[in-house]
Amino acid sequence: MKMHRILAEAASTIAKAVFREHKVLDHELATAFEENPKWGKRDRSFIAETVFEVARWRRALSFLVDSEETTALCAAQWVRMGYEIPEWWAYNGKTAEEMKAREAELADQPRAVRESIPDWLDALGAAELGDAWDAELAALNQRASVFLRVNTLRTTRPEAIAWLASFNITATEVPGLPDALVLAPGKSLPKTLRLDGRVEIQDAGSQMIAPLVDPQPGERIIDACSGAGGKSLHLAALMKGDGRVFGMDIDSKKLVELERRAKRANANKCIKAKEIKATTATEFAEVGDRLLIDAPCSGLGTLKRQPDLKWRLKPAQLDRLRGIQSELLEKYTVMLKPGGRLVYATCSILPSENRAAIDKLLEKGGFTLLEEKPVSPAATGYDGFYAASLVKNS
């Protein structure tokens with residue numbers, strides 16, 4: 001297969017921005033596609049696959065090509081994709097034949113090289129997860145499927161399947177998750193359908209969180225770190241739109257998006273966006289029947305979706321996040337009524353961000369643990385999540 005020079009250079013430029021300037025891969029890709037509307041579906045697919053796989057397999061590719069330069073890493077990935085390296089592509093490193101030969105030696109390299117992860121992060125994962133780290137890390141290096149949540153305020157799962165099929169999109173039910181669908185490998189949801197409101201893109205692991213909150217019609221639910229509101233929308237659907245979900249966040253832009261999504265989803269009468277201020281916790285003291293704290297975290301459970309994250313994350317940042325998690329559990333729980341249910345969730349697989357945070361809360365008294373729900377990428381194929389539900393003692 002042959003490559004187009006302009007596409008090869010675009011992929012390399014994006015990868016360079018991700019590695020050298022710590023840019024977010026998704027954002028860089030979206031910007032490039034927006035600035036080049038003439039690129040067709042195949043062009044965009046070539047660029048996306050190149051940059052995602054270079055980010056995913058950075059250290060393994062570096063071993064194969066014997067270079068850390070972005071141009072060389074791209075060359076190694078293109079060899080894996082079955083392309084011939086054109087004469088006009090200049091890089092320092094092994095030839096295509098040498099790279100193919102070195103694939104056999106990859107299995108003998110240290111795990112951090114084989115699975116392409118920074119040494120410090122590999123050591124941390126092994127220390128916290130022990131023997132389970134190998135399987136989790138391997139699962140997090142798999143390509144992500146696209147999962148959808150059917151918005152039951154607008155449609156049913158069978159109706160959603162038929163609606164998608166009318167656009168030649170095959171979606172199948174996910175066992176054990178009543179509102180979940182999964183698309184065929186490599187398939188995506190066109191923007192027009194994403195903006196329709198009948199379905200939302202939401203990982204299957206993420207869809208396990210809102211049911212733990214167990215929201216009931218007529219209740220007041222606080223989603224204290226709502227972002228753009230994926231779980232707020234799910235909570236509203238579980239309540240059949242009857243009651244109030246306060247979607248709270250410090251980022252006003254995300255709340256604007258939440259309001260847009262709520263309107264599309266037919267949940268705007270139920271969902272109320274609320275920007276968090278210094279006084280918010282006091283103003284909402286004992287207002288919530290139920291409280292979801294979907295805490296800022298390392299995001300390590302989502303590496304298959306955003307492989308560039310492992311190169312941006314630093315130990316000091318992780319320490320800061322653990323501090324924020326403890327602070328949220330200390331300050332925000334005043335918003336919950338006595339006897340109310342608290343769900344603490346992260347998209348991390350590290351116990352230091354999960355059960356350790358819950359143990360700190362339990363030590364202070366005031367809460368009783370009801371249930372823990374860790375979601376293992378190795379066991380499920382989903383993103384990695386953790387959730388714990390607790391009751392606030394009267």
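With salt bridges taken as basic N to acidic carboxylate O contacts below 4.0 Å, one links Lys364 and Glu330. One finds no salt bridge joining Lys254 and Glu257 here, because no Lys/Arg side-chain nitrogen approaches an Asp/Glu carboxylate oxygen to under 4.0 Å. With salt bridges taken as basic N to acidic carboxylate O contacts below 4.0 Å, one links Arg80 and Glu103. The pair Arg264-Asp196 does not count as a salt bridge, with every side-chain nitrogen at least 4.0 angstrom from each carboxylate oxygen. Salt bridge absent: Asp289 and Arg341 never bring a charged side-chain N and a carboxylate O closer than 4.0 Å. Arg5 has a carboxylate O that lies under 4.0 Å from a charged side-chain N of Glu9, or vice versa, which qualifies the two as a salt bridge. Salt bridge status for Asp294 with Lys231: present, with a side-chain N to carboxylate O gap under 4.0 Å.
The stretch residues 192-220 participates, sequence neighbours left out, in no ring pair (Phe, Tyr, Trp, His ring centres under 6.0 Å) pair at all. Residue pairs satisfying the ring pair (Phe, Tyr, Trp, His ring centres under 6.0 Å) criterion with at least one member in residues 224-266, sequence neighbours excluded, are listed as follows: Phe246-Phe284. Among residues at least two apart or in separate chains, there is no salt bridge (Lys or Arg N to Asp or Glu O under 4.0 Å) pair with a member in residues 26-36. For the side-chain hydrogen bond (donor to acceptor under 3.5 Å, both in side chains) condition, the pairs that include at least one residue of residues 172-190, sequence neighbours left out, are Arg157-Glu173. Pairs of residues two or more places apart, or lying in two chains, that qualify as side-chain hydrogen bond (donor to acceptor under 3.5 Å, both in side chains) and include a residue from residues 350-359 are Glu128-Ser352, Ser298-Glu353, Arg322-Ser352, Gln325-Glu353, Thr346-Asn354, Ser348-Glu353, Arg355-Asp359, Arg355-Glu372.
For the residue pair Thr155 and Ala160, the shortest heavy atom distance occurs at OG1-N, 3.8 Å. The two residues Asp383 and Asp203 come nearest to each other via the heavy atoms N-OD2, 3.0 Å.
Applying the side chain to side chain contact (heavy atoms under 4.5 Å, CB included) criterion to Arg111, with sequence neighbours excluded, gives Arg114, Glu115, Asp122, Ala126, Trp133, Asp134, Leu137. Under the side chain to side chain contact (heavy atoms under 4.5 Å, CB included) criterion, Thr71 pairs with Ser12, Glu69, Trp89, Tyr91, not counting sequence neighbours. Not counting sequence neighbours, the partners of Lys277 by the side chain to side chain contact (heavy atoms under 4.5 Å, CB included) test are Glu275, Thr279, Thr280. Partners of Asn36 by side chain to side chain contact (heavy atoms under 4.5 Å, CB included), not counting sequence neighbours, listed by chain and number: Trp39.
Cluster partners of Leu153, using a side-chain heavy-atom cutoff of under 4.5 Å among ILVMFWY residues and allowing indirect links: none. Residue Leu258 belongs to a hydrophobic cluster whose other members are Phe147, Val174, Leu177, Val182, Met208, Ile209, Leu212, Val213, Ile221, Leu233, Leu235, Met239, Val245, Leu255, Ile271, Leu292, Val343, Val375, Tyr382, Phe385, with links defined by side-chain heavy atoms closer than 4.5 Å. Alongside Val199, the hydrophobic cluster contains Val146, Leu148, Val150, Ile161, Trp163, Leu164, Phe167, Ile169, Leu181, Leu183, Leu189, Leu193, Ile201 (criterion: ILVMFWY side chains under 4.5 Å).
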#### Entry: Derivation and outcome, side-chain hydrogen bond (donor to acceptor under 3.5 Å, both in side chains), residues Asn393 and Thr368
CA-CA 7 Å; Asn393 301 332; Thr368 302; 2.8 Å; yes

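Side-chain atoms of Ser226 and Asp249 include no donor-acceptor pair closer than 3.5 Å.
The hydrophobic clustering, which links ILVMFWY residues whose side-chain heavy atoms are closer than 4.5 Å, places Ile117 and Phe63 apart.
The structure places NZ of Lys23 at 13.5 Å from NZ of Lys16, a figure rounded to the nearest 0.5 Å.
For the pair Arg143 and Phe52, the cation does not sit on the ring face, since its NZ or CZ is not both under 6.0 Å from the ring centre and inside 45° of the axis.
Within the 6.0 Å centre-distance limit, the rings of Phe46 and Tyr83 are counted as a close aromatic pair.
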